[in-house]
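In what follows, a structure is listed as structure tokens, so that the remarks can point back to it.
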Amino acid sequence: MPEGHSIYRYAGHHRRLLAGRRVAATSPQGRFRGGAARIDGRVLVDVTAHGKHLFYRWQRAETLHIHLGLYGKFRTYEMDPPSPTPGTRLTLATDDVSIYLAGPTVCELIEPSREEAIRSRLGPDPLQAGSRGHTVAEFAGNLSRRTIPIGAAVLDQSVVAGIGNIYRAEALFLTGINPATPANELPAAKVEELWRQSVALLERGVAEGKIVTLPRAPLGRSEETDRVYVYKRDRFPCRRCGGPISTGEMASRSIWWCRTCQPPAAASSTTTVPA
DNA sequence: GCTGCATGATGAA
DNA sequence: TCATCCTGCAGCA
């Protein structure tokens with residue numbers, strides 16, 4: 001479930017488990033055999049996240065860069081780890097813990113200059129709000145240079161880093177913004193509100209370990225659609241106004257919104273507005 | 001057991 | 001815009 005909140009949790013979790021420890025690395029699948037050999041037996045210094053990217057820094061080795069993409073998953077075993085499936089790209093292990101990685105889009109060793117290049121083309125990360133480079137001013141500046149719909153802009157990791165398809169739909173709903181609004185036409189107050197909402201939603205995702213955007217998470221077992229306002233809820237009435245939830249496609253991904261709670265901006269009369 | 005879909009992103013055309 | 005990377009799971013036979 002890799003939007004920014006889970007990546008941030010992985011960074012913290014892996015830092016607690018592995019930082020300062022000597023780590024054994026293997027690549028059962030073989031595709032990362034050379035890379036695993038270069039970090040095998042090294043001491044992990046730190047793990048950091050920027051948006052959906054993870055960076056593992058080692059003593060006397062290059063930095064491990066991981067991006068989970070759509071399918072990538074970590075599994076952690078604190079005792080009796082099963083033997084890794086043949087598809088496992090990377091295993092990291094100490095005496096106490098084993099972490100298996102399968103299906104990542106990116107798993108590579110990189111030089112500091114390459115890490116810098118990756119970070120510099122990422123937008124501000126709401127989970128690092130307030131730090132240098134991760135401010136609403138950066139976000140606003142990035143939006144001001146885009147004429148694409150805001151619903152496409154927030155998925156663009158160079159505009160804001162860490163938001164995925166669920167948070168996109170939820171943040172726009174909670175701020176009452178119509179997804180078709182051109183990014184550079186969003187009023188400053190709305191930009192501010194959207195940033196604050198993104199920070200709040202992602203931080204809550206980190207705290208809860210899952211995406212919950214309703215004020216109160218339902219008790220017991222719940223479906224994804226029981227914890228959110230609009231994502232995948234086109235077969236349900238709007239939780240706010242009772243009207244229909246619309247769905248369509250934006251930036252090659254499905255999107256959901258309420259056309260009553262997220263009306264098109266009055267000023268943007270010439271834009272095509274999803275109805 | 002099979003099919004299709006998914007919270008992502010890139011590179012070719 | 002499309003194909004591809006590549007895993008897991010829900011839904012259906």
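Lettering follows sequence order; numbering is per chain, from 1. As the structure is a prediction and not an experimental result, all values here were calculated from the model. For the numbers below, each heavy atom of this structure counts, side chains included, while hydrogens, waters and symmetry mates do not.
- Considering only side-chain N and O atoms, A/K73 lies nowhere under 4.0 angstrom from the phosphate OP1 or OP2 of C/dG8.
- A side chain to side chain donor-acceptor pair (under 3.5 Å) with A/N142 is found for exactly one of A/R146, A/E138, A/R145, namely A/R145.
- Across the protein-nucleic acid pair, A/E249 atom CD and B/dA6 atom C1' stand 14 Å apart, rounded to whole Å.
- For B/dT7, one of the phosphate oxygens OP1 or OP2 lies less than 4.0 angstrom from a side-chain nitrogen or oxygen of A/Y231.
- Rounded to whole angstrom, the span from the CG atom of A/L68 across to the C1' atom of B/dA6 amounts to 14 Å.
- C/dT1 and B/dT7 have their C1' atoms separated by 23 Å, given to the nearest Å.
- Between A/I211 atom CD1 and B/dA6 atom P the separation is 15 Å, expressed in whole Å.
- Between A/H67 and the phosphate of B/dA9, there is a side-chain N or O to OP1/OP2 separation shorter than 4.0 Å.
- Looking at A/S27, its side chain does come within 3.5 Å of a backbone N or O of A/R89 through a donor-acceptor pair.
- The pair A/R196-A/E193 does not meet the salt-bridge criterion, since no charged nitrogen lies less than 4.0 angstrom from a carboxylate oxygen.
- Atom CG of A/L54 and atom P of B/dA9 are 12 Å apart (whole Å).
- At the heavy-atom level, A/R75 lies under 4.0 Å from the strands shown only through sugar-phosphate atoms.
- Rounded to whole angstrom, the span from the NZ atom of A/K52 across to the C1' atom of B/dT7 amounts to 8 Å.
- Comparing A/L155 and A/K232 by the nucleotide of DNA chain B whose heavy atom lies nearest to each, the residue mapping closer to the 5' end is A/K232.
- Salt-bridge check for A/E62 with A/R114: failed, with every basic side-chain N at 4.0 Å or more from each acidic carboxylate O.
- Residue A/Y167 is classed as having no contact, given no heavy-atom separation below 4.0 Å to the nucleic acid.
- Side chain of A/E224, nearest nucleotide from B/dA9, C/dT7, B/dT7: B/dT7.
- Counting to the nearest Å, the P atom of B/dG8 and the CD1 atom of A/I66 are 18 Å from each other.
- Between the A/K73 side chain and the A/P104 main chain, no donor and acceptor come within less than 3.5 Å of each other.
- Within 4.0 Å (heavy atoms only), A/R121 reaches sugar-phosphate atoms of the nucleic acid but no base atom.
- For A/R253 and C/dC2, the CZ to P distance is 16 Å, given to the nearest whole Å.
- A 6.0 Å sphere centred on OH of A/Y8 holds no more than 12 heavy atoms belonging to other residues, nucleotides or ligands.
- Of the candidates B/dG8, C/dT7, B/dT7, B/dT7 carries the atom nearest the A/I166 side chain, counting heavy atoms from C-beta on.
- Base-pair partner of C/dT4: B/dA9 (Watson-Crick or G-U wobble, both distances under 3.5 Å).
- Only the C1' atoms considered, C/dG8 is 22 Å distant from B/dT10, to the nearest whole Å.
- A/N165 places its CG atom 6 Å from the P atom of B/dG8, with the value rounded to the nearest Å.
- When the side-chain nitrogen and oxygen atoms of A/Q157 are compared with OP1 and OP2 of B/dA9, one or more of them lie within a distance under 4.0 Å.
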